[in-house]
Structure formats: C-alpha cells, structure tokens
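In what follows, a structure is listed as structure tokens, so that the remarks can point back to it.
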Amino acid sequence: MFPETDAILERLNPAQRSAVTTVDGPVLVLAGPGSGKTRVITHRIAYLLSHCHVPAYAVLAVTFTNKAAREMLERVRVLVPSQSSQLTIGTFHAICARILRRDGSAIGISPTFTIADEDDQVAVVKRVLKDLDWDEKRNPPRAFLSRISAAKSILVGPREFSASADNFADEQTAIVYSRYQDALAAADLLDFDDLLMSTVRLFTENSSVLQKYRERYSHILVDEFQDTNVAQYAIVRLLGTGHNNPCVVGDEDQSVYSWRHADIRNILNFERDFPGTQVIVLEQNYRSTRTILQAARKMIAPNRQRKEKSLFTENEVGERIVVFEAYDENEEASYVASQIERLVAAQTCRLRDIAVMYRTNSQSRVFEKTFLRHRLPHKVVGMRFYERKEVRDVLAYLRLCYNPNDVTSLDRIVNVPPRQIGAKTLSDLHVWAARLGVSVSEAIQYLAAERETAVPCPIGTRARTALTEFARIIEIIRRASREMVVARLIDKVLEVTGYGDFLKDGTEEGQGRWDNVRELITVAEEFSHYEPEASLAAFLEDAALAADADEYDASTDAVTLITLHAAKGLEFDVVFITGLEEGICPHSRSIDDERQVEEERRLLYVGMTRARRRLFLTYAARRSQFGEAGARQPSRFFKDLSRDLVQGTARAIQGHGGDWAHQERRAVSAAFLPRADGWSSRFESAVDAAPAGDQTVVRFKTGDRVVHPRFGEGTVISVEQRGGDQEVTVAFRDQPIKRLLASLANLQIVS
C-alpha cells in the first residue's frame, strides 16, 4: 500500500474504511447522523485518485449545497493537493447548469441563459396572467408555480401535463405552464427545475452527449441521496449505468424535503435499480452524547419507511435532555434567553456554539424581539443575502448585461435609479415589442437608433429619451464586461448608473444598503481568477444557486436562529428546539397524513441530532398564532421520549420568570402545576398519552353547544376526523361560521 494511502485510511473506523475502499460496482452507504459521511466521501475521492489512479476529471461528486461542495473540495485538496484541480464537485443544479452551458445548444438552450429565481418566476407568471386577463387574487401565481414545479420534478412537461389534466385546476395550470415555459424560453431563462429537467432531456434525446459524459465520469458520488427527486435520480441512473460505479450516501431517517419533491423511495429502491449493490452502514456517531443519541434513536424508531440502524457512540453519557413547558411563546423565548445567558456565563459554551431551532420561519419573531431586549447577539439564517433589494438590483444589471433577453431583470432596473420611466411606459414598451416580434431589449435599441418600424411607437418623447439613455448605460456595462472581472464590473455599474450615489442618501438605512453592496463586491472578488466574461458567468451562477444553508457563518460569535429544515448538515454544542406542539411539530398540514407525520418525526430527529452536548426541548401551554391566542397541546412525539433520558421543568425556574402565580394562575387547572420531582403533570400526560395517528383525543359531535374565549357561544354543525384530531365546524352567534382544529381551538362544551 502506498504511504499516502495509509494516511487516507489510518483514522477511519472499519465501516468507513469499507465505504472508502469498495470502489467497484454500485455502493449504497447508509450514514447515520454524525457518522462521518463527509469524511467518507472526501477520503473515497482521495483513495480513487491516489490508490486507484482514477484521473481527477473522471470523478463527479454531487453535494446538497454550494457550501458543502466548497468544504468537500478543500478537504480533498488537503489529502491529495496535487490531483484535485480537475474534480467536478457541486450541487445537482450547479453541475447541470455547467452541462447545459456546454452542450445545451443541442436542444436549443442558449449558452448565455440566466437562472430565474423565485421572484423572477412569480414575475413571469404574473405577466402570463395579465396576458390571459386572469385575476391574480383568484389565481395566485405561487399556486401555479407549485403545481408546475411538482410536474417538472417528475419530468412531466407542458404537453404531457395538459394531456393528463382531469380537473379545472389542472386545466388552468396546463395553460399557464405552457405560456410560462414560452416566456422563459423567449427570455433565455431557466428556472431551477428546468436545470434538472433539461439535462435529462439533453441526455435522453442526444445519445452522443450522454455517452460523452458516461465515458468521462467513471466514478459518481452523491451525498444526501435521500433528498433527491425523480429528475435527480434519473440523472444518476443515466450517468451511473455507464461504468456502473455510482456510490450514493444518505440516510432515509433524515429525508425532510418532500415539499421540494424529494422522494424517499430513491434511497429505499436503489438496490433494486442497481443490481449487485453493496450496502455499507455507518453506525458510529462521533457528534452527540450517548443520552442525546439514545433519545434520537427512540424518537425515530416508530417510523415505518426506514432501514434499521444500530447507532452507537463512544462519547460520554452527557446530561439529560431538558424539557420546558412555558406559559406562552413570550415565556418560552425568555426562558431560552436566560438559559443561554447562564450557559455562556458559566463558560460552558460560546454564543456561536448555540442554535435555537423552530419549525416555521414566523416563530423567529418572538426570539428576535426577546434577544434584542436581553442584548444577546444573534443571527437569523433564512433571510438570504441575495434576496436584499439592493443586491438584487445590482445583480439585475449584471444579468441583463450577460443575457440581453432577460426581460425580468430589465423590468426590475429600467427605472432604478428613477429615470421617469413609469409603469405605463413599460407596459407600452412590452406591447410594442410584442407587435414587432422582438425582445424588449431590441425594442429599446430600435428607439435608441431611431429606427423606422412598421408598427408606430406609442412612447412619448421624454420616455424615449430616458430609454435611449438606459440603452447607452447598458451598452457601456456590456463593453466593460469583456474587459473587467466581475468585482470591478460592479464598481462600474455603481458609477455609470448612479446607483451608488442613489443608495448613499445620508441615512443610516442607506448606509446599510451601501454596505450590503460592498459585501457583494467582496463575494465577487472570489471570481477574480477567471477571465472577465467567465468571471461574470460564474458569479451569476453561484449567486443564483445559493441556498439558505450557504448563508450560515460559523465564525460570528452570535446565537443562530434557524429552521429545522435549514439546520440540516450543521451541528452545535447546544440546541434548543422550540414550539414542540401539535399543529406546529407535527405541522397542522401534516397531521392527517401518516407519511407526512413520519416526515415531521424525521425533521425533529434531524434537529435533535444536530446537538453535540446539550439539548433543550420546549413548548408552550398557550400560543398566539395567526392573530389568535389559544391553548396548545404538547407534540405527540413526546410520548417516544424515555423518562430516564429527560428532566422535566416547570414554568418557574431558578433565575427565570419568578413566581408564575402572577401570570394567570387562576385561569389554569391544577394539571398544569409542577410536581415535586420537577415534572409538569401536563408534560407527563403528554409522554404517556400523546395522540397517535389513529387515536382521537377530542370529544365533539354534531349538535354540541360550545363556547370559545373569543367567538363566544355556538353550535357544532359538523365534525371531520383529522388523524388524531378533529376539524370542528361551528356556527357562532354574530360571527361567520368557523372551522377549527379541536386540539388548538380552546373550545369548551356547554352543559
């Protein structure tokens, strides 16, 4: 064995070593949380390069985020510094974008296409609805986009979708889908789903292109395989059946992206689709304490869609998991803040080592407010840097420079800074361009050149002058893009457009916006080693494909506020998982679907296994949500926590909250009071009798007279079963008819 191979293998456990050295034939690596799967992938790549002498250009590694791709490449460079420059490492979307820029012309895709983000997609659908004269309020654009995305994820195009439409909603969607795709094509735009779907189409319609990539990539590695959708799996199968050496790494217990159309069956069916697959299970956890790992194992065990794994760790036992029941969301946030202050004061951890997790983004508001009051530094992961208005404006100038047909970018910045080009002028410009049969950018060029046209121009003299000046500015930027790397090009944009002076308006907010643009230039500096035009293309692609997880910065000493979904792939010394109530986790949209409840359970499992040393689980007896305050029921998932792994806490806790008697004790029954052993009676009942999917915990029936603390008295007119809950329809006096979830509504039967 080669000396460098010894270095690659020496610190791997037996299962990891097997996953690294099993390089012939298909391999499925089932990697439990904290089991070193990233280490396995990087060491496998290094082993292929150094021991098996596989050329670097023949290795394709697919990751879940851009951040993970960068980290993986850096780790490989440390192991085999001289052989990593030609590796292909990136997300599915990034790799597909590169393939389409190189070979997409075979199916009519321009190499200078730009990637439409969510706002661009909404803008295109709005334009389609306007052309159809359909009311946006009655036909929400995002609803159409959701159905279109679902169709694309399973490789159903507009024609196939239209042929299979069997209801009014599908028929409407088919019309919008077709026009949406036409609008994207006219603007040389591809949305995220198109990147995948078009790559599958390229491979299936052009055997020579497929064969070229099959021959190139002898070894394919895919991380987070449980989160692939049908289109992504099709790409793996099309490429992987060439040399028949795909290695996929994942954990069905951490599949939490069905709402992005991820299909857990991909990992469950891999052995069937690739005969002779060798299955290797990574079961040793290096991250969490024994207590946390044991609790997580018990939490996930009831799920049926999974392969059994015997996770273990040699780490210390650690402290028991803390469960805290708050009176409401404000007390919950105050409790979390006080515990963080206590942990940091005791030098148990730093702020950067702590994460507060929640099921939905809206839950962050109360924590942000409370942490400001406590003067606790914090950062919210989810408000993406690239979504800020000033950043999007600068990117729109760059995108229009790169792709003149990008009409969504043109519409965004044609009057930014203000140039006296109003909505009426822009609408007239669109109509005129359509009648001429040219793009909006070309129509502006006609105006600038004072070109005679068959269709009279409806735009007045002042607006014509403004549009001509806009065309001149864009041409200056376009010429500069051939000579300047992207960081310097942004400086040029700020100068010639006047946007820099527009931002620096002398206010504190203006300075903040200017700082964000300067940060964008800092990011762009990373692309200065490219040639100018390639620098722009690479930067725009990286910005378009950035994900929430890419925003996480571990170097800032601040508490991280993050959703459970976004926390995947991260780890912290201390984790608080908050809002563990029925209707939140599991989410109200999931409680009547057993498969969705299993995914909610997996989501909680992901959150729990992010914790290295301490884990806190919190919930509230009451919570204000969507403008209504009501009693809450602890999450059904609590029933799967073992009593010996958990320490219960009551509302009044040392150093926090004082005497809870001053907080509406009169309105709460004795069942809510703490027991002498520290367990809340209400939590104990939740552990013993949290609702299962087929267990009804409410008792309403049609005809019951009920009272609601806000709506008053009413009569139950219908009851529908929703998993372990009931949806109760009530006719209240002097109120519209209300549909309420019984477990959340705080309804009482009037005797």
Side-chain angles (χ1 to χ4, degrees), residues 31-38 251 253-254 256 282-301 309 311-324 332-333 335-344 346-359 363-364 367 376 378-379 381 549 552 554 557-580 585 600-619 635 637-638 640-642 644-649:
S35 62
K37 68 180 177 62
T38 304
D251 179 9
D253 287 337
Q254 298 183 70
V256 295
L282 305 183
E283 296 177 313
Q284 183 170 358
N285 177 287
Y286 292 92
R287 177 187 299 151
S288 304
T289 64
R290 292 183 204 173
T291 297
I292 292 171
L293 186 62
Q294 189 176 349
R297 285 183 57 190
K298 289 181 177 295
M299 182 62 68
I300 199 64
K309 291 179 285 293
L311 300 182
F312 70 95
T313 183
E314 295 178 356
N315 293 342
E316 64 180 357
V317 173
E319 298 191 42
R320 288 192 295 171
I321 296 165
V322 175
V323 175
F324 178 74
E332 180 182 48
Y335 167 75
V336 171
S338 68
Q339 291 302 302
I340 291 172
E341 289 170 338
R342 181 180 63 80
L343 290 166
V344 173
Q347 298 185 336
T348 302
C349 59
R350 298 165 299 181
L351 293 173
R352 72 182 69 174
D353 301 322
I354 302 172
V356 178
M357 300 179 186
Y358 33 79
R359 176 62 179 82
Q363 291 170 255
S364 72
F367 289 103
L376 271 177
H378 60 279
K379 56 192 173 187
V381 177
Y552 173 68
D557 194 27
V559 178
T560 299
L561 302 181
I562 191 169
T563 65
L564 287 164
H565 281 104
K568 196 162 177 290
L570 303 177
E571 58 182 49
F572 303 87
D573 279 356
V574 180
V575 169
F576 293 83
I577 303 180
T578 62
L580 289 176
C585 186
E600 293 289 303
R601 183 186 292 277
R602 292 195 294 268
L603 190 58
L604 178 55
Y605 174 77
V606 166
M608 293 173 69
T609 54
R610 298 312 92 195
R612 288 189 284 251
R613 295 166 50 201
R614 297 295 306 275
L615 177 61
F616 294 75
L617 307 177
T618 70
Y619 65 99
S635 171
F637 298 143
F638 278 122
D640 297 306
L641 285 177
S642 294
D644 60 322
L645 302 177
V646 180
Q647 53 180 315
T649 57

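Note that this is a predicted model, so its numbers are computed, not measured.
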Do Arg613 and Asp573 pass the salt bridge (charged side-chain N to carboxylate O under 4.0 Å, His left out) test, and can you show the C-alpha distance, the side-chain angles, and the key distance before you say yes or no?
CA-CA 5 Å; Arg613 295 166 50 201; Asp573 279 356; 3.3 Å; yes
Test side chain to side chain contact (heavy atoms under 4.5 Å, CB included) on Leu564 and Val256; report intermediate values, then the result.
CA-CA 9 Å; Leu564 287 164; Val256 295; over 6 Å; no
Given side chain to side chain contact (heavy atoms under 4.5 Å, CB included), test Val344 with Ile354 step by step and report yes or no.
CA-CA 10 Å; Val344 173; Ile354 302 172; 4.1 Å; yes
Could you check Gln284 against Phe312 for side chain to side chain contact (heavy atoms under 4.5 Å, CB included), going step by step and ending with a plain yes or no?
CA-CA 5 Å; Gln284 183 170 358; Phe312 70 95; 3.5 Å; yes
Go through the steps to decide whether Lys298 and Leu641 satisfy the test side chain to side chain contact (heavy atoms under 4.5 Å, CB included), and finish with yes or no.
CA-CA 7 Å; Lys298 289 181 177 295; Leu641 285 177; over 6 Å; no
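Note that CZ of Arg612 and CG of Asp353 are 6.0 Å apart. Values are rounded to the nearest 0.5 Å. Note: Arg359 CZ to Glu600 CD = 4.0 Å, rounded to the nearest 0.5 Å. Taking CG of Leu615 as the start and OG of Ser288 as the end, the distance is 8.5 Å to the nearest 0.5 Å. Taken to the nearest 0.5 Å, the OG1 atom of Thr313 stands 10.0 Å off from the CD1 atom of Ile292. Atoms OG1 and NZ, from Thr560 and Lys379 in turn, are 4.0 Å apart once rounded to the nearest 0.5 Å. With rounding to the nearest 0.5 Å, the separation of CZ in Arg320 from OG in Ser642 is 12.0 Å.
Asp557 places a side-chain N or O within donor-acceptor distance of the main-chain N or O of Leu351, the cut-off being under 3.5 Å.
Taking each heavy atom of Val575 and Gly607 in turn, the nearest pair found is CG1-O, 4.0 Å. Among all heavy-atom pairs drawn from Tyr619 and Leu580, the shortest one is CB-O, 3.3 Å. When all heavy atoms of Cys585 and Ser635 are compared, the closest pair comes out as O-OG, 2.7 Å. Of all heavy-atom pairs between Leu282 and Ser35, the closest is CB-OG, 3.6 Å. The two residues Thr609 and Ala296 come nearest to each other via the heavy atoms CG2-CB, 3.6 Å. Residue Cys349 comes nearest to Val574 through the heavy atom pair SG-CG2, 3.8 Å, listed as atom of the first residue, atom of the second, then distance.
At a threshold of 4.5 Å between non-hydrogen side-chain atoms, the residues Val356 and Ile340 count as touching. In this structure the side chain of Val336 never reaches within 4.5 angstrom of the side chain of Phe324, judged on heavy atoms. Using a 4.5 Å heavy-atom cutoff, the side chains of Arg602 and Ile300 are in contact. Between Thr563 and Tyr358 there is a side-chain heavy-atom pair separated by less than 4.5 Å. Side-chain contact between Asn285 and Leu311: absent, with no pair of heavy atoms (C-beta onward) separated by less than 4.5 Å. For the pair Met608/Phe637, no side-chain contact is recorded, criterion being any heavy-atom separation below 4.5 Å from C-beta on. Residues Pro33 and Tyr605 have side chains in contact (heavy-atom distance under 4.5 Å, counting atoms from C-beta outward). Side-chain contact check for Phe367 versus Thr578: some heavy-atom pair is nearer than 4.5 Å.
Every residue was checked against the salt bridge (charged side-chain N to carboxylate O under 4.0 Å, His left out) condition with Glu283, not counting sequence neighbours, and none meets it. Asp253 pairs by the salt bridge (charged side-chain N to carboxylate O under 4.0 Å, His left out) definition with Arg306, Lys309, not counting sequence neighbours. Judged as a ring-ring contact (aromatic ring centres under 6.0 Å, His included), and not counting sequence neighbours, the contacts of His565 are Tyr257, Trp259.
Of the N and O atoms on the side chains of Gln339 and Arg342, at least one donor lies less than 3.5 Å from an acceptor on the other residue.
The aromatic rings of Phe576 and Tyr335 sit perpendicular, their planes meeting at an angle over 60°, well past the 30° parallel limit.
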